[in-house]
Structure formats: C-alpha cells, structure tokens
2 protein chains.
Amino acid sequence: MIVMRYPEGHKDEVHDRIVKSTSQALRSHGLGGISIPALMKRAGLTHGGFYSHFPDRDALVAEAISAAAAETAEHVFGDDQQLPDVLDRYLSRSHLDHPTHGCVLAALGTDGARQPAQVRRAFSEAARGMLRLLERKLHPKKPTASLSDETLARASMMIGAVVLGRLVNDAPLADRILEAARKHSSD
Amino acid sequence: MIVMRYPEGHKDEVHDRIVKSTSQALRSHGLGGISIPALMKRAGLTHGGFYSHFPDRDALVAEAISAAAAETAEHVFGDDQQLPDVLDRYLSRSHLDHPTHGCVLAALGTDGARQPAQVRRAFSEAARGMLRLLERKLHPKKPTASLSDETLARASMMIGAVVLGRLVNDAPLADRILEAARKHSSD
DNA sequence: GATATGCCATTATGATCGTCATGCGATACC
DNA sequence: GGTATCGCATGACGATCATAATGGCATATC
C-alpha cells in the first residue's frame with residue numbers, strides 16, 4: 001500500500017499540466033525552441049522538480065506529442081464532425097494562425113524524423129492515428145482498418161497545405177492554398 | 001581598386017562552400033540542430049572566421065535555405081524534366097531517404113514560420129519558387145505568372161506526402177503514401 | 001625580396017542548456 | 001498532535017552555445 005502525502009492524484013494532475021502546457025509550447029516554439037526551465041515555468045513550477053516527473057527531456061516531449069495528437073483527434077476528428085466539417089476546420093485560416101492548438105504534424109512534422117526513437121515513435125503513432133481517423137470519415141461504413149489510397153493522398157494534401165500556407169509570407173496566397181486543398185479534397 | 005591578397009575570388013569560393021555544406025547539414029540535422037563550430041568544420045574550417053563571412057548565424061541559415069531551394073529547382077524542376085518526371089522524382093523513396101539533398105520545404109518547412117524575418121523570407125521565397133516551377137510544368141503554354149488552384153493543391157500534396165512518409169515508422173506504408181500522392185497528382 | 005593586408009585560427013566571454021543533489025514545507029497516517 | 005515522507009524549490013555542475021577580439025600566415029603588389 002502506497003501512502004499518499006499529498007492529495008490523492010496531485011502528482012498526476014501536475015504531470016498532466018506540464019504535458020499539456022508543453023504540448024502547446026512546443027507547437028508554437030518548435031521541438032527544441034524552449035528549455036526545461038521555461039516549460040516548467042509555463043506550468044507554474046520551477047525547473048527543479050522536473051526529473052521527479054520525467055526521466056529526461058525527450059520523455060516529456062514524447063508525451064506532449066501524443067497529448068497534442070489526442071487534442072486534435074477530439075477537436076477536428078470528433079465523432080460529431082462529418083467529413084466536410086473536418087476539412088473546413090483543418091483547412092481553415094484559424095488553424096493556420098493558431099499552431100499552438102493545431103495539428104502537431106503540421107506544426108512539428110518535419111522535425112519528427114530527426115528525433116530520438118522515443119519521440120519519433122510518438123510522431124509515428126500520431127500520424128497513423130490521424131490517418132485512421134480520416135479513413136473513418138471517408139468510409140464510415142467499411143469496418144476494415146486498412147487505409148485507402150484516397151485517405152493517404154488527402155491526408156498528405158491537408159498537412160502540406162497547412163505547412164505551405166504558413167510558410168508563404170502572403171495571407172491571400174495562403175488562403176488560396178487552403179481553398180485549393182479544400183476543393184481538391186471534396187471533388 | 002580593391003587589392004586581393006588571396007587568389008581572386010577565394011573568399012567567395014569559401015563562402016559558397018560554407019553555404020552549400022550548411023544547406024545540406026541543416027536539412028539533415030534541423031535548423032537549430034547544428035552549431036556554428038560544427039558547420040564550419042564541415043566546410044573544412046574552424047569557427048573563428050565565421051563572422052568575417054556572415055553577420056550572424058541567421059544570415060548563413062537564410063542563404064543556405066535559398067541555396068537548397070535552388071538545388072532542388074535544378075535537380076527536380078529542371079528544364080528537361082517533364083511533369084511525370086517531376087512527380088516521380090519528388091514522390092520517390094530516394095527523396096524520402098535522402099533529405100540532405102531533397103526539398104528544403106519538406107525537410108524544414110514546419111520550422112520556417114517560427115524563424116526570424118530574414119530566414120522566414122528565404123523560406124517564403126523558396127515556397128513561391130517551387131509553386132512557380134510546378135505551375136510551369138502543369139501549364140507549359142500559359143504565359144501568365146499566376147498560380148492555378150491545381151498547382152497549389154498538387155504542391156500541398158507533394159510536400160505533405162514526403163513529410164508524412166518520413167514520419168510514419170513503416171516503410172511499406174510510406175511507399176503507399178508516395179504512390180497514392182503520385183496517383184492523385186496525375187489522375 | 002620586402003611589405004602591406006586579407007583570411008582564417010586561436011582563444012576568450014557571458015549566457016544558457018540539461019541534469020542532478022540537497023533541503024524545506026506541506027500533508028496523510030498513527 | 002507527532003512524525004515520516006512526498007513534491008517541489010533552491011542552487012550548482014560541466015558542457016556547449018553564439019559572438020567577438022586578436023594574432024599569425026599566406027599572398028599580391030611594388
């Protein structure tokens with residue numbers, strides 16, 4: 001029997017708070033763009049206690065990636081969202097302007113393949129998760145878990161459009177990119 | 001009249017060597033994944049002379065981004081490449097496996113929007129350049145410089161497919177993503 | 001050949017990083 | 001209420017970073 005010296009679940013709450021705020025901070029500052037002290041400060045703590053919550057920085061990053069993916073799964077691919085809603089949300093100016101609460105693949109994707117195994121795995125799982133969710137929206141009836149070419153191509157275009165739209169220093173062009181992707185996604 | 005103490009154009013050659021090797025190093029290690037000393041060492045120098053070539057790190061990074069974009073423009077979008085060749089090269093396993101010599105947008109794109117103005121501008125120009133080149137391949141006759149929706153959507157899918165293909169920890173799935181993007185790009 | 005000078009190496013500086021050891025205050029159990 | 005102990009803060013460590021000053025060597029001119 002483990003004795004709890006703090007309110008039951010207190011540490012878990014703090015742990016979650018660190019992971020959640022980190023998942024946002026990473027999306028807006030980049031995977032290596034924010035330090036442990038800064039991340040802890042955002043969670044209302046100092047850097048001291050960090051290593052009682054995570055073995056190292058990568059462990060937190062990996063958890064934060066997964067948390068971000070779960071957030072998008074809920075907000076964009078939720079059960080009550082139909083395919084057109086999914087496309088409208090993902091391919092929206094609001095998504096472009098707020099990477100902090102947006103898709104982690106579009107925000108940090110190009111860094112994923114360069115990360116240590118632990119973090120890389122989290123990215124890979126996030127990608128497969130998004131593909132599965134999109135497949136379900138495209139083919140709600142089919143019970144199969146396999147991914148169609150249509151899903152793979154559309155997911156690519158969605159991610160690419162957000163990446164490209166954020167890159168071009170030209171709001172009207174960015175809007176046209178989103179629009180073009182929406183059109184070609186729902187032909 | 002400027003007196004040259006080293007062989008004429010020597011400094012320019014060294015400058016180019018630093019930029020070229022940096023453009024490769026950044027694509028394989030990330031924008032912030034390699035230090036000035038390491039970058040200079042790759043060019044066969046020590047870090048000492050760095051600031052006689054560039055005002056600061058961002059200036060080198062910006063030049064390296066532009067150099068990488070020019071390399072891809074030549075290797076993938078060269079004048080002798082037809083549209084199917086362009087798609088085959090961009091959406092290939094070889095491209096997936098060798099980001100060092102691949103498209104800078106697919107390798108570093110998600111970091112671009114977070115960079116200081118100088119670097120951001122280089123990314124934005126690289127993106128517009130790729131869009132222009134793709135437009136020309138899609139509509140070789142049209143003299144207009146405007147970008148069609150088709151170009152915007154296809155460019156998005158191409159970039160997204162490479163990003164996604166590199167992310168998933170599963171070679172067969174990555175190949176299917178590339179294939180799906182090729183199919184949907186040349187329907 | 002002597003000299004002036006451009007180019008790069010050596011070295012230094014201050015800041016910040018990830019990581020870790022230690023200590024204090026708060027809390028749950030007896 | 002006393003006490004053991006959990007969670008976090010304080011502070012420190014070595015490493016590494018971007019940046020900068022200085023000096024030596026190689027070379028083009030005379």
Side-chain angles (χ1 to χ4, degrees), chain A residues 1-22 25-26 28-65 111 114-119, chain B residues 1-22 25-26 28-65 111 114-120 122:
Chain A
M1 172 62 182
I2 298 171
V3 183
M4 289 292 169
R5 303 296 158 176
Y6 267 65
E8 180 125 17
H10 177 219
K11 188 169 188 179
D12 291 344
E13 276 176 26
V14 173
H15 184 101
D16 276 9
R17 207 168 70 226
I18 299 173
V19 170
K20 279 218 175 74
S21 67
T22 295
L26 292 182
S28 67
H29 292 86
L31 281 184
I34 188 162
S35 68
I36 291 177
L39 289 171
M40 291 295 276
K41 189 174 235 174
R42 280 173 174 252
L45 305 169
T46 64
H47 63 282
F50 179 82
Y51 289 90
S52 74
H53 283 285
F54 308 94
D56 55 27
R57 191 180 188 278
D58 287 333
L60 168 59
V61 171
E63 280 199 48
I65 301 302
D111 266 343
R114 284 185 287 268
Q115 300 304 309
Q118 194 176 182
V119 178
Chain B
M1 174 56 185
I2 299 172
V3 182
M4 288 292 168
R5 303 294 156 176
Y6 267 66
E8 179 126 16
H10 178 218
K11 186 168 189 179
D12 290 344
E13 276 177 25
V14 173
H15 184 102
D16 276 10
R17 207 169 68 227
I18 299 173
V19 170
K20 279 218 176 74
S21 67
T22 296
L26 292 182
S28 68
H29 292 86
L31 282 184
I34 187 161
S35 68
I36 291 177
L39 290 171
M40 292 295 276
K41 188 175 235 174
R42 280 171 174 251
L45 305 169
T46 63
H47 63 282
F50 178 83
Y51 290 91
S52 73
H53 284 286
F54 308 94
D56 56 26
R57 193 180 187 279
D58 287 334
L60 167 59
V61 171
E63 279 199 50
I65 300 302
D111 266 342
R114 283 185 288 268
Q115 299 304 308
Q118 194 176 184
V119 178
R120 212 194 124 82

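Each chain gets a letter, A, B and so on, in the order the sequences are listed, and its residues count up from 1.
- The CD atom of A:E63 sits 9.0 Å away from atom CD of A:Q118, with the distance rounded to the nearest 0.5 Å.
- Between B:M40 atom CE and B:S21 atom OG the span is 9.0 Å, to the nearest 0.5 Å.
- Backbone-only contact: B:S35 has heavy atoms under 4.0 Å from sugar-phosphate atoms and none from a base.
- Taking the side chain as every heavy atom from C-beta outward, A:L26 and A:I34 approach each other to under 4.5 Å.
- Annotation for A:F54 and A:L60: closest pair CZ-CD1, 3.6 Å, computed over non-hydrogen atoms.
- Annotation: side chain of B:L31 is in contact with side chain of B:I65 (closest heavy-atom distance under 4.5 Å).
- With the nearest nucleotide of DNA chain C identified for both A:R57 and B:M40, B:M40 has the one nearer the 5' end.
- One can place CZ of A:R17 at 12 Å from C1' of D:dG7, the figure rounded to the nearest angstrom.
- C:dC17 atom P lies 11 Å from atom NZ of A:K41, rounded to whole Å.
- Taking only side-chain nitrogens and oxygens, A:Y51 comes nearer than 4.0 Å to OP1 or OP2 of C:dT19.
- At whole-Å resolution of the value, CZ in A:F50 and C1' in D:dG7 are 15 Å apart.
- Remark: B:I36 CD1 to B:H47 NE2 distance equals 9.0 Å, nearest 0.5 Å.
- Side-chain atoms of A:P37 lie closest to C:dG18 of the nucleotides D:dT10, C:dG18, C:dC8.
- Between the CD atom of B:E13 and the P atom of C:dC8 there is a distance of 11 Å, given to the nearest Å.
- Protein atom CZ of A:F54 is 15 Å distant from nucleotide atom P of C:dC20, rounded to whole Å.
- Between the CD1 atom of A:I18 and the CG atom of A:L39 there is a distance of 9.5 Å, given to the nearest 0.5 Å.
- When the side-chain nitrogen and oxygen atoms of A:H53 are compared with OP1 and OP2 of D:dC8, one or more of them lie within a distance under 4.0 Å.
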Considering only nitrogen or oxygen atoms on both sides, find all protein atoms under 3.5 Å from nucleotides 11-14 of chain D and state each distance.
{"residue": "D:dG11", "atom": "O6", "partner": "A:H47", "partner atom": "NE2", "Å": "2.7"}

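- Straight-line distance from the CG atom of A:D58 to the C1' atom of C:dT19: 13 Å, rounded to whole Å.
- Between B:L45 atom CG and C:dA9 atom P the separation is 5 Å, expressed in whole Å.
- Atom NE2 of B:H15 is separated from atom P of C:dG6 by 18 Å (rounded to the nearest Å).
- Taking the nucleotide of DNA chain C with the nearest heavy atom to each of A:I36 and A:G49, the more 5' of the two is matched to A:I36.
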